[in-house]
Visitor: 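One structure is given below, represented as structure tokens, and several questions about it will come after.
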Amino acid sequence: MASNLYKQKVLILDFGSQYTQLIARRVRETRVYCEIHPFNLRLEKIRAFSPKGIILSGGPSSIYDKDAPLADKRILDLKVPILGICYGMQFLTHLFGGVVAKSADREYGNAIITIKDDKDLFHGLEKADGQTVWMSHGDRIDRMPEGFEALAGSSNSPVAAMADKSRRHFGVQFHPEVAHTPEGPRILKNFLFRICGCEPSWTMSSFVRRTIKKLREKVGDDRVICGLSGGVDSSVTAVLLHRAIGKKLSCILVDNGLMRRGEAREVMELFQGYYGMDLHLVDESEHFLEQLKGVEDPEEKRKIIGREFIRVFEKKAKELGKAKYLAQGTLYPDVIESVSFKGPSATIKSHHNVGGLPDVMKLKLIEPLRELFKDEGRQVGLELDLPKEMVMRQPFPGPGLAVRILGEVTRERIEILRSADVIVLEEIRKAGLYEKVWQSFAVLLPVRTVGVMGDERTYENVIAVRVVDSLDAMTADWSRIPYEVMASISSRIINSVKGVNRVVYDISSKPPSTIEWE
Ligand code: XMP
């Protein structure tokens with residue numbers, strides 16, 4: 001539950017909208033701290049949270065559904081400003097005795113609303129011109145409850161926004177949190193600053209200061225172990241802890257032989273060399289390779305790598321002596337996934353991160369980033385002087401190159417893929433695309449095709465190049481990178497990576513494909 005470190009907090013009650021996380025991100029962008037909790041959060045907990053404002057998210061249900069999600073109606077008596085978005089607005093209407101009706105058509109997409117009242121929620125918005133907003137609803141408000149007045153209307157929804165100003169309850173039919181509502185950020189700011197009286201005090205430098213203090217108090221004279229992979233989340237976690245407790249932190253880097261070229265060395269140089277951390281490299285690459293011999297099935301590979309990681313990590317941790325805590329780079333989206341409205345999302349691939357580490361070690365968890373979104377975690381990294389290249393790194397799967405080598409993982413195939421991977425990243429960087437795209441990488445396919453080099457016929461491997469755009473990896477689209485970039489990737493790989501005579505570009509989006517090939 002909410003840390004009481006932050007005085008000004010906004011509570012978002014989740015009614016199952018696909019945009020709930022986006023609401024939270026938009027609020028955080030205004031430097032106001034907020035948390036998402038399920039719609040049925042108990043009243044005592046809401047009171048203990050002591051929010052400056054409450055936002056009710058949208059949701060897929062109709063308020064008249066038999067099992068429509070309903071929040072505790074006593075939130076209306078808390079004397080805290082409320083903003084209901086879409087379903088949240090319908091919920092407010094229903095509670096106060098207004099009438100919600102099914103629209104003849106589902107309204108989905110851009111709509112133009114006319115502002116009737118630009119005093120508080122719509123302060124600073126043009127009254128005369130229509131405002132473009134994003135609608136996505138089946139139901140609409142037919143009759144507002146008593147005490148409410150309409151603040152805006154559209155041709156399809158006469159009450160596109162409403163308020164009971166004396167109680168500071170507001171509702172909007174559209175979604176201010178999505179980019180398709182251009183004035184959305186201003187509307188949310190109006191709610192947070194003008195109506196709730198929040199101040200923009202949630203900054204990453206204040207987060208770092210407070211977290212370091214909290215970590216020192218918590219750890220005391222005990223010791224902390226942390227698995228460092230070189231990925232953004234574990235790196236930021238380690239540096240934050242190191243700043244707080246110095247040598248009481250020991251980090252373990254397991255080289256599973258499936259990292260990118262030179263990666264283990266770079267991580268050692270930065271964290272041990274530059275930061276002076278107590279970092280231990282465990283080179284088990286031979287062992288992992290041995291365990292993966294003859295294994296072709298993707299899930300089997302993941303299981304083996306996960307299992308062996310835990311074994312190696314535990315062994316090293318024991319060698320390092322008694323620790324009380326295990327630090328992990330868990331981020332807020334992982335936390336919400338498991339507590340929110342929808343519950344844990346279905347597992348499509350089992351993701352073995354440091355995440356699933358060992359109960360048997362009897363260590364208590366420390367997760368200093370568990371309140372942060374990924375971009376906030378990155379900002380913390382920058383605050384802590386981590387190099388920009390490290391902080392802006394693209395995600396890399398825990399099982400590493402194993403899930404990008406289709407079929408059996410062998411030493412020879414790892415080397416082919418590593419060489420191709422270096423080229424893909426160099427070319428993507430050179431084109432200025434590295435931070436624009438979500439991920440860019442090479443995949444080694446388990447087929448060989450015929451080619452011709454000089455006068456000779458070749459029969460060699462195929463490399464697939466995968467570049468995707470995404471916001472959160474839940475959905476993704478293949479990147480429309482320029483043909484010239486594809487061309488240089490392809491010609492460099494074919495000319496210089498021995499064993500490859502063909503390069504293809506993956507043009508599948510997720511869903512129905514996934515980002516990784518395995
Ligand atoms: P998919 O392939 O499921 O990937 O679309 C979504 C995101 O997760 C990353 N990924 C993994 N990360 N362990 C990880 O730590 C894994 O086993 C794993 N598999 C996929 C992937 O790179 C993408 O960012």
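All values derive from a computational prediction rather than experimental measurement. Atoms within a ligand are numbered from 1 in the order they appear, just like the ligands themselves.
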Visitor: So is Trp438 touching ligand 1 or not, going by heavy atoms under 4.0 Å?
Guide: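 It does, in that a heavy atom of Trp438 comes within the 4.0 Å cut-off of ligand 1.
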
Visitor: With a 4.0 Å cut-off, would you call Arg411 and Glu286 a salt bridge?
Guide: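 Salt bridge flag = yes for Glu286 with Arg411.
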
Visitor: Going by atom types alone, do Ser419 and Arg261 pair a side-chain donor with an acceptor below 3.5 Å?
Guide: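 Result is yes, a qualifying pair exists.
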
Visitor: In ligand 1, which numbered atoms sit nearer than 4.0 Å to a non-hydrogen atom of Thr514?
Guide: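 Near Thr514, meaning under 4.0 Å from one of its heavy atoms, ligand 1 has 1 (P), 2 (O), 5 (O).
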
Visitor: Can you find an N/O atom of Arg404 closer than 3.5 Å to an N/O atom of ligand 1?
Guide: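 No, no N or O pair falls under 3.5 Å.
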
Visitor: Quick one, Lys218 and Tyr325 - any side-chain contact, counting heavy atoms below 4.5 Å?
Guide: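 Of all side-chain heavy-atom pairs linking Tyr325 with Lys218, at least one is under 4.5 Å.
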
Visitor: Which atoms from ligand 1 have a heavy atom of Lys510 less than 4.0 Å away?
Guide: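 Ligand 1 atoms under the 4.0 Å threshold to Lys510: 1 (P), 3 (O), 5 (O), 6 (C).
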
Visitor: Between Ala473 and ligand 1, does any nitrogen or oxygen pair lie at a separation below 3.5 Å?
Guide: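 No; the residue has no nitrogen or oxygen that sits under 3.5 Å from a nitrogen or oxygen of the ligand.
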
Visitor: Is it true that, when you exclude Arg480 itself, more than 12 heavy atoms of the residues, nucleotides or ligands shown sit nearer than 6.0 Å to its CZ?
Guide: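 Counting neighbours around CZ of Arg480, more than 12 heavy atoms of other residues, nucleotides or ligands fall under 6.0 Å, so yes.
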
Visitor: Do the rings of Tyr19 and His175 sit parallel, tilted or perpendicular, given the 30° and 60° boundaries?
Guide: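 Geometry flag for His175 against Tyr19: perpendicular rings.
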
Visitor: Tell me whether Ile515 has any N or O atom under 3.5 angstrom from an N or O of ligand 1.
Guide: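 The answer is yes, given that Ile515 and ligand 1 share an N or O pair closer than 3.5 Å.
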
Visitor: For Arg302, take its heavy atoms, then give the atoms of ligand 1 lying under 4.0 Å from any of them.
Guide: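 This gives 16 (C), 17 (O), 18 (C), 19 (N), 20 (C) as the contact atoms.
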
Visitor: Going through the checks in order, is the side-chain contact (heavy atoms from CB on, under 4.5 Å) test met by Phe373 and Leu331?
Guide: CA-CA 6 Å; Phe373 285 107; Leu331 289 172; over 6 Å; no

